[in-house]
Amino acid sequence: MKALTQDSVVGTALQTVFSHLAKSLANASRGAVDVADVALSVAPAHTGSDLAFPCFKLARDWKMKPAQIAEEMATALADDPLLSACEAAGPYLNLRLTREAVGRDLLAEILQQGDAFGSSQRQRDEVVMLEYVSPNTNKPLHLGHLRNAVLGRAVARLIASQGAKVWKTDIVNDRGIHIAKSMLAYQRWGSGETPESLGVKGDHYVGSLYVRYEQELKKEKQAWLQAEGIDYEALDEATKKKTDDRFNGSSEQMAATRELLQRWEAGDEAVRQLWRTMNQWVFAGFDATYCRLGIDFDKHYYESEIYLGGKEIIQNALDKGIFKLAPNGAVIAPLSEHGKLQDKAVLRADGTGLYITQDINLATIKFAEYGLTRSLYCIATEQNYYMQQLTATLALLGYEWASNMVHLSYGMVYLPEGRMKSREGNVVDADMLMEELDTLASEALRQRYPDLPDTEVAQRAPAIGLAAMTFHFLVVGKDTDIIFDPKTSIAFEGKTGPYLQYSYARVASMLRKAAGTWQAPEQPSLEEDLEWQLALQLMLFPTVVADAAESYDPSRLASYLVELVQTFGTFYHDHRVVDAEEPARSSRLALVTSFQTVVRNGLELLGIDVLEEM
RNA sequence: GCGCCCGUAGCUCAGCUGGAUAGAGCGACGGCCUCCGGAGCCGUAGGUCAGGGGUUCGAAUCCCUUCGGGCGCACCA
């Protein structure tokens, strides 16, 4: 947990406590600490305290040992009405809050705010665009897209919960040589089939055409190598590359592909028609996947619509001398003259655009059309260097908003056997994985509740399976590479999405039983340590959400939720709720209701559905 | 060759501008249903935080270095 400061603390109950304590501590510090500089930490469990004030920083000003300072501060704060105990423990001043006052304020806040508890207006002036998923249209979505989608959705929701306006977009890579490949494959080997006639999803069908293309090209290459008398595997890397270039130059299939691309660029109506048809197949497939996953977009950008832009921007910059001409005529952004990055080509020698050409164009379109204060790019870590170059290039062009571009970088997803390679077929397909999740969740349900009707199984299983996958991706830090083993990565027990869902469902069941038999007490009593510990953790929720949003890191929220649910598990085990005696009963029901609210709000932010019954 | 990231328990990972006895989950072993849902709860074993230096009152965290891994490096997308 991050240190609590005036700036980081969110939520009325915690803010009230904090500002009171910060004032008291500042007053007792002989002017050495300003209220704005007071930093408290959550006290470790073994101390039996709630919050702690570390006295190391004061030691410099007071020229005393931290332990002595803690002693002195303890006497100064001894009579504070918000503290039930205040004791020095070595260099720390440990603070125990009065449970009555704090507990009352906190439960009142949560019960009154309900779904809004955890949200704030800290980012109310922000207009943020988040670009995520951004698929190619020549193959179906895979595991990597799933991590991207799940992370992007959670970040979008977190930022929106802080009052920002969030636009979710993607850039659909729907043109270029890879698209021409699937098109050529369809012309040559498609024999008039359609996804409907074959009964497959459109994106899968186009993906299979792309695979066919690569297979045929490989055959041609083998024949060519044999004819040339080349033992390819015996070559060193550099020679391999040269050989590849020679083959690509002489390949009939490659030549046909390039010609198809040229006709597409020239606007050849027959080619365009085929392209539109195949695109529609793919988009229908993507939509089905997004729908099942629960992902949506406010706006799609298509590479085919923006790839021609950007050239004027580049020409202008060239005229002004911002960009340079390479000896062979390519246009270069001279990044090395302004920083540590290497120069980047922004236009080919033949005048055609590169990926960065359209990225420059798209970035300007986004800021111009939406008046953004920030533009986020949810893209894997392998693009770190490229994103730095893109940002630096835009800064070089004089766009002030370039500093408001954020690369929301995340770690790679590997399989146990290594990197996914679609050309070699070892990819985990998104649709197949979701199907597998459904199956596993259904089996788990049947095993646990043999009498559950099939309709109920069918209704609950998808939510449980997706929760497992989503939480698996979100609970680790976003920069951490993930090795995804389909056999072991999906679990329903322990630190998992279904564990959180289960805890929620169990609470929902309790509250149904107690419905109508209680009302929130004016003055709840949270005297039991576990009651109080739970309340204290609930109080931190809005702060955790704000921190996760500001650091673009849902794992902070995910970890928090696990700890919270673990605390609840212990509390639930040790204390009766529904059949407890009053007045404890009402207090505990209010506490449990608050817990339910926090779990529901937290999972919602992560993109995980809760279940009233599981 | 250069740049960025990483190396923490058998496995998968937390550890948030340096701070209290380095924490979870899985796996292993042992407990817990006359009681609100056992996808649960409790306990035991398991770590010279890759190795070596340094800075500091204090280092898993910062600096240097060695080793080991990943990603990337101007006309691919």
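Each chain gets a letter, A, B and so on, in the order its sequence line appears, and its residues count up from 1. FYI, side chains are in, hydrogens and waters are out, and symmetry mates aren't considered; it's all heavy atoms of this structure.
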Aromatic ring proximity A/Tyr307/A/Trp264, centre distance under 6.0 Å: yes
Assign A/Glu303 to base, sugar-phosphate, or nothing according to its heavy-atom contacts below 4.0 angstrom with the strands shown. sugar-phosphate
Without decimals, in angstroms, what is the distance between A/Phe473 CZ and B/U12 P? 16 Å
Counterpart base for B/G19, defined by Watson-Crick or G-U wobble contacts under 3.5 Å: B/C57
Checking B/G72, B/C41, B/C36 against the side chain of A/Thr570 (C-beta onward), the nearest is B/C41
Report yes or no: does A/Ser555 contribute a side-chain atom to a donor-acceptor pair with the main-chain N or O of A/Ala558 at less than 3.5 Å? no
Measure CD1/A/Ile356 against C1'/B/C76 and give the value in whole Å, please. 13 Å
So, is A/Arg576 close to the B/C36 phosphate, meaning a side-chain N or O under 4.0 Å from OP1 or OP2? no
Counterpart base for B/A50, defined by Watson-Crick or G-U wobble contacts under 3.5 Å: B/U66
Given B/A20, B/A74, B/G40, the nucleotide with the shortest approach to the side chain of A/His573: B/G40
Reckon A/His472 touches a base, only the sugar-phosphate, or nothing at all at heavy-atom distances under 4.0 Å? nothing
If the sugar-phosphate is the primed atoms plus P, OP1 and OP2 and the base is the rest, what is the B/S/- string for nucleotides 23-30 of chain B, using protein heavy atoms under 4.0 Å? -BSS----
From B/U21, B/C41, B/C36, pick the nucleotide closest to the side chain of A/His46? B/U21
Any side-chain N or O of A/Arg448 under 4.0 Å from OP1/OP2 of B/G40? no
Base, sugar-phosphate, or nothing for A/Ala505, non-hydrogen atoms under 4.0 angstrom? base
Touch check for A/Gly411, heavy atoms < 4.0 angstrom, all strands: base, sugar-phosphate only, or nothing? nothing
Mind checking if A/Gly90 touches a base, just sugar-phosphate, or nothing, with heavy atoms under 4.0 Å? nothing
Give A/Asn94 one of three labels, base, sugar-phosphate or nothing, depending on what nucleic acid heavy atoms sit under 4.0 Å from its own. base
When we call it a touch if two heavy atoms are under 4.0 Å apart, what does A/Tyr386 touch: a base, just sugar-phosphate, or nothing? base
Watson-Crick or G-U counterpart of B/A9, or none if no pair lies under 3.5 Å: none
Look at the side chain of A/Met614 and decide which nucleotide, out of B/A39, B/C71, B/G70, has an atom nearest to it. B/A39
Using a 4.0 Å heavy-atom cut-off, does A/Tyr385 contact any base of the nucleic acid, only the sugar-phosphate backbone, or nothing at all? sugar-phosphate
Does the distance from a Lys or Arg side-chain N to an Asp or Glu carboxylate O, for A/Arg419 and A/Glu382, drop under 4.0 Å? yes
Whole angstrom value for the distance that separates C1' of B/A14 from OH of A/Tyr560: 17 Å
With a 3.5 angstrom cut-off on both distances, give the Watson-Crick or G-U wobble partner of B/A28, or none if there isn't one. B/U44
From the list B/C73, B/A20, B/A39, which nucleotide is the closest neighbour of the side chain of A/Ala89? B/A20
Does a donor on one side chain sit under 3.5 Å from an acceptor on the other, for A/Ser304 and A/Asp174? yes
So CG of A/Asp438 and CZ of A/Arg460: to nearest 0.5 Å the spacing works out to 14.5 Å
Protein-nucleotide distance (A/Asp481, atom CG; B/C13, atom P), rounded to Å: 9 Å
Partner nucleotide, any strand, of B/G3 [Watson-Crick/G-U, under 3.5 Å]: B/C71
Would A/Arg147 and A/Tyr410 count as a cation-pi pair here, with the cationic atom under 6.0 angstrom from the ring centre and within 45° of the axis? no
Interatomic distance, A/Asp343 atom CG to A/His338 atom NE2 [nearest 0.5 angstrom]: 10.0 Å
The side chain of A/Pro498 is closest to which nucleotide in this list: B/A20, B/A77, B/A39? B/A39
Using heavy-atom distances to pick each residue's nearest nucleotide on RNA chain B, tell me which of A/Leu347 and A/Tyr92 is more 5'. A/Tyr92
When rounded to the nearest Å, what value does the distance between P atoms of B/C64 and B/C5 take? 11 Å
NZ/A/Lys495 to CD/A/Glu563 distance, rounded to the nearest 0.5 angstrom? 9.0 Å
The reported gap from CG in A/Leu347 to CD1 in A/Ile313 (rounded to nearest 0.5 angstrom) is 11.5 Å
Nearest-nucleotide pick for A/Tyr499, side chain only, options being B/A39, B/A77, B/C36: B/A39
If you measure from the P atom in B/U66 to the same atom in B/G3, how many Å do you get, rounded? 12 Å
So, is A/Tyr307 near the phosphate of B/A77, with a side-chain N or O under 4.0 Å from OP1 or OP2? no
Do A/Arg600 and A/Tyr504 meet the criterion of a side-chain donor-acceptor pair at a distance under 3.5 Å? yes
Toward the 5' end of RNA chain B, by each residue's nearest nucleotide, A/Tyr502 or A/Asn328: A/Tyr502
Within the pair A/Arg419 and B/G72, is there a side-chain N or O less than 4.0 Å away from OP1 or OP2? yes
Anti or syn, where syn is a glycosidic angle within 90° of 0; which label fits B/A74? syn
Check every atom of B/C13, B/C73, B/A77 against the side chain of A/Val476 and return the nucleotide holding the closest atom. B/C13
May I ask you to say what A/Asp579 touches in the nucleic acid, namely base, sugar-phosphate or nothing, with a heavy-atom cut-off under 4.0 Å? base
Starting the side chain at C-beta, find the nucleotide from B/C13, B/C71, B/A39 nearest to A/Thr480. B/C13
Looking only at B/C13, B/A77, B/A39, the nucleotide nearest the A/His178 side chain is B/A77
Across the strands shown, which category fits A/Leu445 at heavy-atom distances under 4.0 angstrom: base, sugar-phosphate, nothing? base
